[in-house]
Amino acid sequence: MKGSSMDFKQKAADLIVAQTNLPADQVFGLIERPKNAKMGDYAFPCFVLAKQFKKNPAAIAGEIAESISDEAFAKIVAVGPYVNFTIDHNLLIAQTLQAVLKQGQHYGDQELGKGNVPIDMSSPNIAKPMSMGHLRSTVIGNSIAKIFEKVGYTPVKINYLGDYGTQFGKLITAYKKWGNEADVKRDPIHYLFQYYVKFHQEAEDHPELEDEGRAWFKKLEDGDQEAVELWQWFREVSLKEFKRIYQELGVEFDSYNGEAFYNDKMDAVVEELKDKNLLVESRGAQVVELGQDENPAMILKSDGTSIYLTRDLAAAEWRMKEYNFVKMLYVVGNEQTEHFKQLKAVLKKMGYDWSDDIYHVPFGLITQNGKKLSTRKGNVVFLDQVLKDAVKLARAQIDAKNPSLANKDEVAHDVGVGAVIFHDLKNDRLDNFDFDLEEVVRFEGDTGPYVQYTNARAQSVLRKAKALGKEASLADINLDDEWAFQTAKDLADFPRIIARAEEKFEPSVVAKYSLALAKKFNKYYANVKILTDDEQLPARLALVEAVSTVLTEALRLLGVNAPKEM
RNA sequence: GGUCUGGUAGCUCAGCUGGAUAGAGCAACAGUCUUCUAAACUGUGGGUCCUGAGUUCGAAUCUCAGCCGGAUCACCA
């Protein structure tokens with residue numbers, strides 16, 4: 001934590017402790033940041049001391065402020081009941097820039113834990129297009145993986161594909177009735193999805209279709225050659241399509257073990273539950289009782305077939321054996337909260353204490369025009385289309401703003417896709433939002449492109465400096481303007497921001513931070529002429545370089561590229 | 001109805017383990033490009049922090065109750 005503002009807060013706490021004999025951790029906890037920067041950088045409220053010393057807080061603050069001093073602080077004064085500390089600005093700037101430039105992209109790396117952390121994420125269904133909902137799971141999971149990696153863990157990104165289940169019986173039925181091979185080969189997801197939607201429409205008037213679907217699924221389960229071949233084909237072409245989109249998003253997986261992978265592992269779980277006397281018959285089904293107020297966890301339906309909880313139990317056990325995880329995360333919509341409660345509860349009953357290491361990382365629902373998206377009704381927002389539109393808009397923006405840019409297509413991709421990803425990550429995971437393309441693909445204000453643009457400007461300055469034969473230096477830093485200080489203070493916060501994002505499984509913490517830092521730097525840029533040739537030029541360049549380093553790293557943690565020009 | 005979750009500016013949202021005049025972005029209006037990329041910066045207007053009690057020296061933040069919205073409540077995933 002060397003070089004961060006942690007040092008200063010700790011220092012302030014130490015000074016208070018030495019003077020008051022209050023417990024160190026209490027003092028540290030009480031120290032806050034004044035909302036108004038003019039008040040100083042840290043403040044210690046003296047209310048708690050009022051009773052102890054039987055004096056009014058303002059008087060106590062005055063006495064404390066007068067009796068302590070330290071070279072780390074330019075000013076320590078009492079304002080009302082507060083002892084306000086003003087950091088030696090240049091000291092903080094110098095320390096922070098030193099830390100960032102020396103550590104480069106590793107600035108902010110920490111050892112908060114270690115071991116494997118499987119992250120169950122994305123998990124689209126075969127033969128269905130990826131929607132904005134899958135985008136959320138994908139980008140949130142991807143970002144959490146990067147954040148966990150930065151603090152010492154080894155993330156394992158698992159794409160738990162929806163590649164099995166009764167819907168494949170329906171799909172086979174639909175394909176055989178209305179489909180043809182050429183269409184599927186040409187545009188697999190599009191046509192397969194069309195068949196699927198048509199099946200549901202037709203089934204409303206012709207319920208016998210459902211029976212046909214069930215029959216085909218039975219055949220699939222029994223290993224019927226035609227059924228298995230069709231299923232494999234559907235899976236293969238779908239996966240190929242998904243991988244294309246993942247490439248667009250810059251997301252890679254460590255495992256594509258989907259639902260089908262666990263088909264042969266469920267019987268063992270059912271046996272285990274029986275052996276442990278946890279299975280009870282209820283209304284013809286086999287369940288695990290979870291207590292008075294809880295719904296029982298269904299393991300086998302009344303027709304004897306398994307259900308997704310059964311499969312998830314098998315998957316959890318298998319993953320424990322395979323990865324010996326220290327934590328396991330499921331990045332799945334909040335509508336499945338109950339399911340994961342049950343999953344954890346059943347594992348606990350089975351005697352697995354590692355159930356406590358499983359976390360459901362839920363996220364809010366995306367609607368369109370206020371209505372819930374429904375795959376079956378064909379009311380979806382296709383992720384593929386959104387990305388295409390975003391890139392196209394970004395390209396138009398470049399043509400308008402920077403027509404001489406060299407690699408326009410590449411940058412348009414980074415900016416367009418970056419805008420979509422950033423938009424999804426900047427708000428609290430649990431917030432619901434209504435999909436609106438214009439809103440998602442914005443380039444101004446609190447957006448990904450704003451952060452990217454800020455970085456591009458910083459890079460531009462560094463390029464120009466290099467052309468002039470100037471470069472950043474940590475020697476003799478003496479930046480005394482307020483904008484530089486505010487920027488440096490944010491830079492110093494980066495390690496703590498990452499720690500908080502990890503603790504809360506919350507990429508938005510990093511996204512908001514990147515916006516705040518970009519804003520501070522833009523003010524600096526607007527008010528300070530960086531490339532003035534004086535003795536502080538190397539110091540200013542050090543600040544610019546540090547900002548670019550941290551912005552780039554923050555964006556990387558979000559899964560967003562940071563082009564050097566745009 | 002039970003459980004979970006949310007209610008902050010016209011809109012979308014920040015506000016960390018309670019602390020000093022409640023903050024951004026968008027939208028509106030007014031400025032700033034012969035000067036490091038104006039995808040930026042500056043300024044103006046805009047708020048009963050859902051309501052009511054309680055805890056506290058101090059509450060947007062914690063507790064309880066109520067109102068409103070969302071999710072969910074075993075044989076889909």
Side-chain angles (χ1 to χ4, degrees), chain A residues 29-30 32-36 39 43 45 47-48 50-51 56-57 79-82 84 123 125 160 162 165-167 259 282-287 290 293-309 311-312 332-339 341-342 362 364-365 367 372 376 394 397-398 400-402 404-405 415 419 426-428 430-434 436 439 442-447 449-454 456-465 468 496-497 500 503-504 508-509 512 515-516 518-519 522-523 525-532 540 544 565-566:
Chain A
L30 280 169
E32 62 191 71
R33 290 184 162 218
K35 285 195 177 126
N36 190 335
M39 299 293 207
F47 303 103
V48 286
K51 274 179 209 154
N56 76 66
V79 179
Y82 293 87
N84 290 345
S123 312
N125 293 317
Y160 187 48
T166 48
Q167 73 263 27
E259 295 174 1
S282 171
R283 299 184 212 170
Q286 296 292 316
V287 304
L290 295 177
D293 303 326
E294 304 293 328
N295 280 323
M298 177 161 301
I299 303 297
L300 295 175
K301 296 186 276 193
S302 48
D303 65 2
T305 57
S306 64
I307 191 168
Y308 62 108
L309 179 60
R311 199 179 299 269
D312 274 1
V332 179
N334 84 37
E335 66 273 14
Q336 291 197 39
T337 300
E338 286 302 315
H339 168 67
K341 261 193 202 161
Q342 291 200 332
L365 211 62
T367 54
K372 193 174 170 177
R376 266 185 271 180
Q397 185 80 349
I398 290 167
K401 304 276 184 182
N402 193 359
S404 61
L405 186 65
V415 173
K426 88 173 166 189
N427 286 129
D428 193 292
L430 282 166
D431 287 350
N432 300 331
F433 76 87
D434 200 63
D436 174 11
E439 186 68 33
R442 263 212 142 89
F443 302 119
E444 293 160 15
D446 280 350
T447 65
Y450 173 83
V451 180
Q452 289 174 319
Y453 178 72
T454 308
R457 282 175 131 187
Q459 281 296 324
S460 179
V461 171
L462 293 173
R463 264 195 312 277
K464 292 240 156 77
L468 296 169
R496 258 179 299 161
I497 291 293
R500 193 142 66 89
E503 188 195 341
K504 296 169 72 176
S508 71
V509 170
K512 278 168 192 145
L515 286 168
K519 184 169 275 298
N522 275 324
K523 288 190 187 192
Y525 183 96
N527 287 288
V528 177
K529 175 77 182 164
I530 299 161
L531 290 175
T532 304
R540 288 195 298 274
V544 176
E565 281 183 75
M566 65 184 268

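Here the structure is a predicted model, which is why all the values come from computation and not from measurement. Chain naming here is simple, since letters A, B, ... match the order of the sequence lines and numbering starts at 1 in each.
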Per-nucleotide protein contact string for nucleotides 6-15 of chain B (B base, S sugar-phosphate only, - none; heavy atom under 4.0 Å): -------SS-
Nucleotides 29-41 of chain B: protein proximity per nucleotide (B base, S sugar-phosphate only, - neither; heavy atom, under 4.0 Å): ------SBBSBSS
Who does [N] pair with, Watson-Crick or G-U, both distances under 3.5 Å?
| N | result |
| --- | --- |
| G69(B) | U5(B) |
| U35(B) | none |
| U63(B) | A53(B) |
| G18(B) | none |
| C13(B) | G23(B) |
| G43(B) | C29(B) |

[M] and [N], which share atom name [atom1], separated by this distance in whole Å:
| N | M | atom1 | result |
| --- | --- | --- | --- |
| C41(B) | A24(B) | P | 12 Å |
| A74(B) | C68(B) | C1' | 30 Å |
| C16(B) | G69(B) | C1' | 27 Å |
| G25(B) | U61(B) | C1' | 23 Å |
| G19(B) | G58(B) | C1' | 6 Å |
| A28(B) | C50(B) | P | 28 Å |
| U42(B) | A59(B) | C1' | 35 Å |
| G1(B) | C26(B) | P | 41 Å |

Is there a donor-acceptor contact under 3.5 Å from the side chain of [X] to the main chain of [Y]?
| X | Y | result |
| --- | --- | --- |
| Thr447(A) | Tyr450(A) | yes |
| Arg457(A) | Asn522(A) | no |
| Ser460(A) | Ala456(A) | no |

Asp434(A)-Thr367(A) side chain donor-acceptor pair, cut-off 3.5 Å: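 Yes, a side-chain donor-acceptor pair sits under 3.5 Å.
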Interatomic distance where [atom1] belongs to [X] and [atom2] belongs to [N] [whole Å]:
| X | N | atom1 | atom2 | result |
| --- | --- | --- | --- | --- |
| Glu32(A) | A20(B) | CD | P | 6 Å |
| Met298(A) | C76(B) | CE | P | 8 Å |
| Leu290(A) | U72(B) | CG | P | 20 Å |
| Gln342(A) | C76(B) | CD | P | 14 Å |
| Leu30(A) | C16(B) | CG | C1' | 15 Å |
| Gln167(A) | A77(B) | CD | P | 8 Å |
| Asp312(A) | A77(B) | CG | P | 10 Å |
| Asp446(A) | A24(B) | CG | C1' | 6 Å |

Does some side-chain heavy atom of [Y] sit less than 4.5 Å from a side-chain heavy atom of [X]?
| X | Y | answer |
| --- | --- | --- |
| Arg540(A) | Val528(A) | yes |
| Leu515(A) | Val451(A) | yes |
| Tyr525(A) | Thr454(A) | no |
| Val332(A) | Pro362(A) | no |
| Arg463(A) | Gln459(A) | yes |

Students often get this wrong, so: under 4.0 angstrom with heavy atoms, is [X] touching a base, only sugar-phosphate, or nothing?
| X | result |
| --- | --- |
| Pro34(A) | base |
| Gln336(A) | base |
| Glu338(A) | sugar-phosphate |
| Arg442(A) | sugar-phosphate |
| Asn84(A) | base |
| Ala43(A) | base |

Heavy-atom closest contact (Leu365(A) atom, Glu335(A) atom, distance):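 That closest heavy-atom pairing would be CD1-OE1, 3.7 Å.
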Anti versus syn assignment for C33(B), with syn defined as within 90° of 0: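 Because its glycosidic torsion lies within 90° of 0, C33(B) adopts the syn conformation.
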Residue mapping more 5' on RNA chain B - nearest nucleotide basis, Asn295(A) or Leu309(A):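 It is Asn295(A) whose nearest nucleotide is closer to the 5' end.
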Geometric class of the Tyr308(A)/His339(A) ring pair [parallel <30°, tilted 30-60°, perpendicular >60°]: tilted
Under-3.5 Å donor-acceptor pair between Thr337(A) side chain and C4(B) base: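 Answer no: no donor N or O sits under 3.5 Å from an acceptor.
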Donor/acceptor link under 3.5 angstrom from Arg283(A) side chain onto base of A74(B):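 Indeed, a donor on one side and an acceptor on the other fall under 3.5 Å apart.
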Separation between CG of Asn84(A) and CE of Met39(A), rounded to the nearest 0.5 Å: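 The CG atom of Asn84(A) sits 6.5 Å away from the CE atom of Met39(A).
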